[in-house]
Visitor: 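Before anything else, here's the structure in question.
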Amino acid sequence: MSSAAARLFVWLQYLLPRYALTRLCYRIARIRQTRLKNLLIRGFVRLFPVNTDEAGAAVPDGYATFNDFFTRDLKAGARPIDPAPNAIVSPADGRISELGRIERGTLLQAKGMRYSLEDLLATDIDDAAMFEDGNFVTIYLAPQDYHRVHAPQAGRLTASRYVPGDLFSVNDATAGRLPRLFARNERLVCHFATDLGPLVLIFIGALNVGSITTLWSGELRPRRHGLPSELELPQVQNGYAVERGGLLGWFNMGSSVIVLLPRTASRLRDDLRPGTPVRMGEALATRRDIAT
């Protein structure tokens, strides 16, 4: 996309009825009429390079709706988890949007553009301070990607906070031109206690993402206004336990995921750069407290 086209795309988003369009996409994606939903799935596969060979069911007949196909599970073994005990793994398929050090309470959104960690978390300064000088990785999920999200590390889910917000696109054109994009959009902030310390995984909402679903909250529909709300967690002793690579939830249409890792606990892979493709289960970083 040219620079002029990218600016126009971002400008048009201000004019679009973003929530109305998202509600419309939500309804279309759940049409159960066989001929129409099959037409939607086949059209999507022609438009985007989806790897249907790894889908967990036959395409398109194995899916009751387009959304069922979009949030599809994969065949067993399609996403092996890195076996190294020191690996912190990618929670999703996608492409690295940005990554690096959290400096002075800010994260890099795009070249020359930063945003506040405190704003992103929508919480008190103490929560943000735990990640000062830590690392972050932002992963953009393109339409053809596998859209389920998994745990980067074993641990316990200790808090889950829904933050209402806007629904701008999170593609490169918007991320490079719209200040504080990830702190503007709706999001689900998930806090985990792990052996390496606190870890945060954030589901970022976006244009046409009809909802976010997790195993503990069910489906969360977009809400533009209101205060952040703490979601009730399952009543289990010592928190909701997750395994490394365990399923957390999925996007009902595509978006981005941000992972926050604490200071001194991890080292990002040297070969990762913005634009690097990643798959769920491969190592993003290594734990410093376990020898390689």
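Since this is a predicted model, take the numbers as computed values, not measurements.
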Visitor: Could you walk me through whether Arg95 and Asp172 pass the salt bridge (Lys or Arg N to Asp or Glu O under 4.0 Å) test, one step at a time?
Guide: CA-CA 11 Å; Arg95 177 175 48 79; Asp172 288 342; 3.4 Å; yes
Visitor: Quick test of your reading of the model: are Arg161 and Glu230 salt-bridged, counting only N-O distances below 4.0 Å?
Guide: yes
Visitor: Are there more than 12 heavy atoms of other residues, nucleotides or ligands under 6.0 Å from atom CG of Leu15?
Guide: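 Yes, enclosed.
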Visitor: Would you say the side-chain atoms of Arg7 and Ser3 include a donor-acceptor pair closer than 3.5 Å?
Guide: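 On atom types as modelled, these side chains qualify, holding a pair under 3.5 Å.
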Visitor: Asn86 vs Thr286, test: side chain to side chain donor-acceptor pair (under 3.5 Å). Steps then yes/no.
Guide: CA-CA 5 Å; Asn86 64 331; Thr286 53; 4.5 Å; no
Visitor: Kindly confirm or rule out a cation-pi arrangement of Arg156 over Tyr240, judged by NZ or CZ under 6.0 Å from the six-membered ring centre and within 45° of its axis?
Guide: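 Judged by the rule, Arg156 and Tyr240 form no cation-pi pair.
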Visitor: State which residue, out of Leu141, Thr138, Leu178, Asn185, fulfils the side chain to side chain contact (heavy atoms under 4.5 Å, CB included) condition with Val170.
Guide: Asn185
Visitor: Below 4.0 angstrom, N of the basic side chain to O of the carboxylate: do Arg269 and Glu282 qualify?
Guide: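 The answer is yes: the pair qualifies as a salt bridge.
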Visitor: Do Thr276 and Asp271 meet the criterion of a side-chain donor-acceptor pair at a distance under 3.5 Å?
Guide: no
Visitor: Looking at Glu219 and Arg30, does any basic side-chain N land under 4.0 Å from a carboxylate oxygen?
Guide: yes
Visitor: Does the ring of Phe182 carry Arg187 above it, NZ/CZ under 6.0 angstrom from centre and within 45° of its axis?
Guide: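 Checked: cation-pi criterion not met.
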Visitor: For residues Tyr162 and Glu186, is any side-chain donor paired with an opposing acceptor at under 3.5 Å?
Guide: yes
Visitor: So, is the end of the Arg72 side chain (NZ or CZ) under 6.0 Å from the ring centre of Phe69 and within 45° of the ring's axis?
Guide: yes
Visitor: What residue among Leu108, Val137, Asn135 forms side chain to side chain contact (heavy atoms under 4.5 Å, CB included) with Leu99?
Guide: Val137
Visitor: I need the single residue from Ile88, Val259, Leu201, Leu261 that forms a side chain to side chain contact (heavy atoms under 4.5 Å, CB included) with Gln153. Which is it?
Guide: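 The side chain to side chain contact (heavy atoms under 4.5 Å, CB included) with Gln153 is passed solely by Ile88 among Ile88, Val259, Leu201, Leu261.
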Visitor: Using the rule side-chain hydrogen bond (donor to acceptor under 3.5 Å, both in side chains), only one of Arg148, Arg79, Arg279, His147 pairs with Asp93; which is it?
Guide: Arg79
